There are 2 protein chains.
Amino acid sequence: MARSVGLTRERVVSVAAELADTHGLDQLALARVAARLGVRIPSLYNHVDGLAGLRRELALLGVRRLTDQLSRAAIGRAGDEAVVAIAGAYRAFVLAHPGLYAATIHAPDPDDAELHAASRATIEVVVTVLAHFRLGDAGTIHAVRGLRALVHGFATLEAAGGFGLPLDRDESFARLVRAFIAGLHTNP
Amino acid sequence: MARSVGLTRERVVSVAAELADTHGLDQLALARVAARLGVRIPSLYNHVDGLAGLRRELALLGVRRLTDQLSRAAIGRAGDEAVVAIAGAYRAFVLAHPGLYAATIHAPDPDDAELHAASRATIEVVVTVLAHFRLGDAGTIHAVRGLRALVHGFATLEAAGGFGLPLDRDESFARLVRAFIAGLHTNP
DNA sequence: ATTGTAAACTAATATTATTAGTTCGTCAAG
DNA sequence: CTTGACGAACTAATAATATTAGTTTACAAT
């Protein structure tokens, strides 16, 4: 029996992310992760601090990947176009990785500096994009909150199957983002 | 030992709703419900179909209470004022009953006619309020989705502690809703 | 009085997470 | 080479949970 099977924290977290995306974050269990890796449950504790620790790792991974996607979407764009791009990228990320994204939402440990820094990096991207609208410090924060709320709300409802009627969801989303952008221009 | 302790489905669901609101829906366990009611776990099965059934009951209760709150908020109001009112009522409901509200989100059983009817009733209130803007059939649905996404997103992020900075959240919300309403007037 | 029903129970099973302690390669120091 | 420390994965045990099966008993209707 191979004593070392090449388990690493990266592999454990990666498999967990896959499972969370396909079966839902609330269905994530160490038992499934271990089974998928061909390993007994306690072995996971050598790489990850239990289920809570694993979920924290997922949150960190999710925030970082989201930041990455938003940054890429904003490259070479500015103003309205950049807002549309990051909104679309955010929505696409939630739909592609619903479990990983869900992990990023739950209120983090206030003492977790690493996770807080990662979250701030995400906000930073949006702040940068919205800075071009010259809304002032407070105005920019209000706008960041609004944009995030709107995209988060749309994407999570969509991922949860919350839009029953057979009407084009892309169109609904585009209209919502357009309306928000219009508001950015008319605000004091 | 009293053989009948006066347990009813209503009491079970009511206690569960309380626990879900205070400790989070994901922390809801039959063990806690039973303990709170001074009863053994299996006794709950006489009134509720296991944990899954209990969560379904919570979803139904949540949707109905939400519809009730939205309806009340819209009474005697129309146009912009009505939109502001139901948006505020929706947000207040999520903040006051985060667990109950969370239960209403998870994708329901497609065969659950009762739950679907209740959901449709909620949508109906919003449709009625937005009908005054004369957006057409499709336009109204897009607007309903947008409003719901925006309020859902803001309130759930807020409830999850997602807005770190010490800037007035009421103001952020008011601006977002105003921008949305402005969009309703300018859209084709 | 009797009998049926329903509510609550005990007991048993399965799944999960967690901790403690064990085994056994591997690798580096002597 | 040998040896000894370390780490990765293990077994075993414990606790919490949900669920099901089968049992008891109060109460109400006949």
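What you are looking at is a predicted structure, and each value in this text was computed from that prediction instead of being measured. Residue numbers start from 1 in every chain, and the chains themselves are labelled A, B, ... in the order their sequence lines are given, proteins ahead of strands. Just the heavy atoms: all of them, side chains too, but no hydrogens, waters or symmetry mates, feed the values below.
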Look up atom CG in A:D80 and atom NE2 in A:H185, then write down how far apart they are to the nearest 0.5 Å. 3.5 Å
To the nearest Å, how far apart are A:Y45 OH and C:dT22 C1'? 18 Å
Any A:H47 side-chain nitrogen or oxygen under 4.0 Å from OP1 or OP2 of D:dG7: no
Distance in angstrom units between B:I41 CD1 and D:dA15 C1', rounded: 13 Å
For residues 158-167 of chain B, tabulate all N or O donor-acceptor pairs below 3.5 Å that involve a side-chain atom, not counting sequence neighbours.
from	atom 1	to	atom 2	distance (Å)
B:E158	OE1	B:R91	NE	2.9
B:E158	OE2	B:R91	NH2	2.7
B:E158	OE2	B:R169	NE	2.9

Does B:D109 come within less than 4.0 Å of B:R56, counting only side-chain N to carboxylate O? no
B:R9 has an atom CZ; how far is it from atom C1' of C:dA8, in whole Å? 19 Å
Check the distance between D:dC10's P and A:L37's CG and give it to me in whole angstrom. 10 Å
For A:R55 and C:dT16, what is the distance between atoms CZ and C1' respectively, to the nearest whole Å? 14 Å
Note: for A:R32 and A:D49 on DNA chain C, the residue whose nearest nucleotide lies more 5' is A:R32
Is any N or O donor-acceptor pair between the side chain of B:N46 and the base of C:dA6 shorter than 3.5 Å? no
Give a yes or no answer on whether the side chain of A:S71 reaches the backbone of A:T67 with a donor-acceptor pair at less than 3.5 Å. yes
So which nucleotide from C:dA17, C:dA11, C:dA20 ends up closest to the side chain of B:P42? C:dA11
Whole-Å distance between C:dT15 P and A:D26 CG? 19 Å
At under 4.0 Å, does any side-chain N or O of B:S43 touch on OP1 or OP2 of C:dA7? no
For atom CG of B:L51 and atom P of D:dT19, their distance in whole Å: 5 Å
Measure from the side-chain heavy atoms of B:A31 and tell me the nearest of C:dA20, D:dT17, C:dC9. D:dT17
Between A:H152 and B:F154, is the ring centroid distance below 6.0 Å? no
Using atom CZ of A:R40 as one end and atom C1' of D:dA12 as the other, report the distance to the nearest whole Å. 12 Å
